[in-house]
Amino acid sequence: MAARKSVARSLRIATFNVNGIRSRLPHLLQWLAKEQPDIACLQELKAVDEGFPIDAIRDAGYGALWHGQRSWNGVAILARGGDPIESRRGLPGARDDVQSRYLEAAAHGVLVGCLYLPNGNPQPGPKFDYKLAWFDRFLKHAQGLFDSGHPVVLAGDYNVVPTDELDIYDPKHWKKDALLQPESRDRYAALLDQGWTDALRTRFPDEKVFTFWDYFRNHWPRNAGLRIDHLLLSRDLAPKLRGAGVDRWVRDLPSASDHAPTWVELGPKRAAKKQGSEHPSREKGALTPVSAPRKARAVKKARA
DNA sequence: ATGTCAATTTCGAATTGA
């Protein structure tokens with residue numbers, strides 16, 4: 001069965017805010033070909049359903065579900081070698097919400113929630129209120145998913161910088177930003193209190209890890225980043241966490257998205273004495289901007 | 001406030017959202 005297969009071999013699940021699926025299609029295809037995630041959650045498609053490049057994605061070996069919207073938002077779930085099975089489109093309790101920000105599907109033996117949490121700026125204001133209301137609906141839904149006992153990954157752009165210390169280059173200029181407000185952070189903490197495991201933070205307990213670099217002010221060349229793309233693991237999946245990282249090389253491409261793909265690798269439950277990762281070179285390279293592509297090539301070569 | 005992108009309207013600069 002598919003579920004058993006997912007336990008036997010490792011499974012890579014990624015999230016990537018593409019900031020425009022049409023303008024970023026070449027990057028997406030390049031990334032899929034090189035990193036070959038089993039599941040990819042995409043955000044900010046900025047395209048209507050008819051504008052989703054399903055043919056190119058199929059040709060790359062992926063099945064997909066997507067929920068588009070004109071100009072803004074839009075989310076998609078890609079599954080390598082097959083079609084994801086949709087379980088939900090939009091959060092419960094928001095029939096009047098027309099924004100495409102949540103899609104949920106089963107693939108490769110796990111249930112994946114793909115989310116694009118509202119940015120919330122400027123704050124205070126109606127956009128921030130919408131962010132918090134959306135977050136509250138998400139919290140409620142997440143609780144149900146966690147309690148279900150199913151293997152679940154909640155992956156996406158949360159638009160929350162969890163802490164000042166490790167999740168941003170310098171909070172000084174961001175104090176008023178919606179991404180750092182206590183109301184945003186408290187809700188993210190409430191999510192973790194439900195029992196979810198923040199995979200990147202668990203994997204890198206005391207390192208600064210970034211997933212987003214603002215287009216403004218040379219943030220990328222200065223590595224002035226924020227960690228706002230998160231992958232949360234259910235109780236069942238947390239012990240299977242084998243690796244995590246950020247594909248920084250994608251952020252370094254010409255005309256890149258302001259986010260880099262962020263991923264987790266899940267494997268069999270680790271035996272008590274076993275040390276190290278199944279893919280140590282991949283893991284080390286993941287946080288190193290310059291060497292990442294070279295590492296990826298090396299890993300590919302080694303596997304061939 | 002600054003700064004830089006992408007998408008839209010409507011054919012190209014202004015607006016909006018991030």
Side-chain angles (χ1 to χ4, degrees), chain A residues 15-31 41-54 56-57 66-76 97-102 114-135 138 155-162 167-181 183-185 187-188 210-230 246-262 289:
Chain A
T15 180
F16 181 22
N17 180 322
V18 293
N19 188 13
I21 185 71
R22 283 165 297 168
S23 61
R24 217 68 65 203
L25 184 60
H27 289 192
L28 175 66
L29 297 176
Q30 201 181 334
W31 171 66
C41 296
L42 309 181
Q43 301 86 32
E44 281 206 83
L45 303 179
K46 293 185 172 180
V48 293
D49 282 340
E50 295 73 23
F52 188 80
I54 183 60
I57 285 167
W66 61 97
H67 191 198
Q69 186 184 329
R70 179 166 288 281
S71 305
W72 320 118
N73 310 319
V75 286
D97 190 347
V98 297
Q99 301 193 24
S100 301
R101 294 180 176 276
Y102 188 78
C114 171
L115 63 138
Y116 176 46
L117 212 135
N119 174 293
N121 282 307
Q123 163 295 129
K127 291 191 176 176
F128 192 59
D129 295 341
Y130 174 69
K131 176 180 195 158
L132 300 183
W134 200 97
F135 216 148
F138 180 62
D157 179 356
Y158 284 71
N159 270 313
V160 176
V161 174
D167 301 310
I168 186 167
Y169 66 103
D170 182 354
K172 191 168 59 184
H173 301 292
W174 295 78
K175 286 290 183 193
K176 295 255 174 83
D177 196 281
L179 280 56
L180 279 73
Q181 294 315 298
E183 294 90 336
S184 308
R185 288 176 162 173
R187 281 165 175 80
Y188 189 73
F210 304 142
T211 67
F212 163 87
W213 297 260
D214 207 306
Y215 288 126
F216 299 170
R217 294 169 239 138
N218 270 340
H219 276 197
W220 170 244
R222 296 194 290 124
N223 192 29
L226 285 66
R227 189 173 76 98
I228 58 177
D229 300 277
H230 307 301
V246 180
D247 292 328
R248 295 175 58 125
W249 66 268
V250 180
R251 182 63 181 81
D252 202 41
L253 295 170
S255 305
S257 167
D258 39 6
H259 296 251
T262 305

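Residue numbers start from 1 in every chain, and the chains themselves are labelled A, B, ... in the order their sequence lines are given, proteins ahead of strands. None of these values were measured; they are calculated from a predicted model.
Of the P atoms belonging to B/dC11 and B/dT15, the separation is 15 Å, rounded to the nearest Å. Spacing of P atoms, B/dA13 relative to B/dA1, comes out at 26 Å, to the nearest Å.
If you take CZ of A/R24 and C1' of B/dC5, they are 8 Å apart, rounded to a whole angstrom. One can place NE2 of A/H259 at 18 Å from P of B/dT4, the figure rounded to the nearest angstrom. Between the CH2 atom of A/W72 and the C1' atom of B/dT8 there is a distance of 8 Å, given to the nearest Å. Rounded to a whole Å, the CG atom of A/D258 is 9 Å from the P atom of B/dA6. Going from atom CG of A/L25 over to atom P of B/dA7 covers 12 Å, rounded to whole Å. Between the P atom of B/dA18 and the CD atom of A/Q123 lies a distance of 14 Å, rounded to the nearest Å. The separation between A/I228 atom CD1 and B/dA18 atom P is 12 Å, rounded to whole Å. Taking atom CG of residue A/D214 and atom C1' of nucleotide B/dA18, one finds them 8 Å apart after rounding to whole Å.
When the side-chain nitrogen and oxygen atoms of A/S23 are compared with OP1 and OP2 of B/dA7, one or more of them lie within a distance under 4.0 Å. Put simply, A/R22 has a side-chain N or O that comes within less than 4.0 Å of OP1 or OP2 on B/dT8. Checking the phosphate oxygens (OP1, OP2) of B/dT4, no side-chain nitrogen or oxygen of A/R217 falls inside 4.0 Å.
Taking the side chain to side chain donor-acceptor pair (under 3.5 Å) definition, one finds that A/T211 meets it with A/D229, sequence neighbours left out.
Aromatic ring centres of A/H67 and A/Y102: separated by at least 6.0 Å.
Closest to the side chain of A/Y116, from the set B/dT9, B/dA18, B/dC5, is B/dA18. Here the nucleotide nearest the side chain of A/F216, chosen from B/dC5, B/dG3, B/dA7, is B/dG3. Taking only side-chain atoms of A/K46, from C-beta outward, the nucleotide of B/dA18, B/dA7, B/dC5 with the closest atom is B/dA7. Looking at the side chain of A/K127, the nearest of the listed nucleotides B/dT4, B/dG17, B/dA6 is B/dG17.
Below 30°, between 30° and 60°, or above 60°: for A/H259 and A/F212 the angle between ring planes is between 30° and 60°, a tilted geometry.
Where A/N119 and A/I21 each meet DNA chain B at their nearest nucleotide, the meeting point lying more 5' is that of A/I21. For A/Q99 and A/Y215, each mapped to the nucleotide of DNA chain B holding its nearest heavy atom, the one lying further toward the 5' end belongs to A/Y215.
In terms of heavy-atom proximity, A/F135 sits nearest to A/S184 at CE1-O, 3.7 Å.
One distance of note links CD of A/Q43 with SG of A/C114; it measures 4.5 Å at 0.5 Å rounding.
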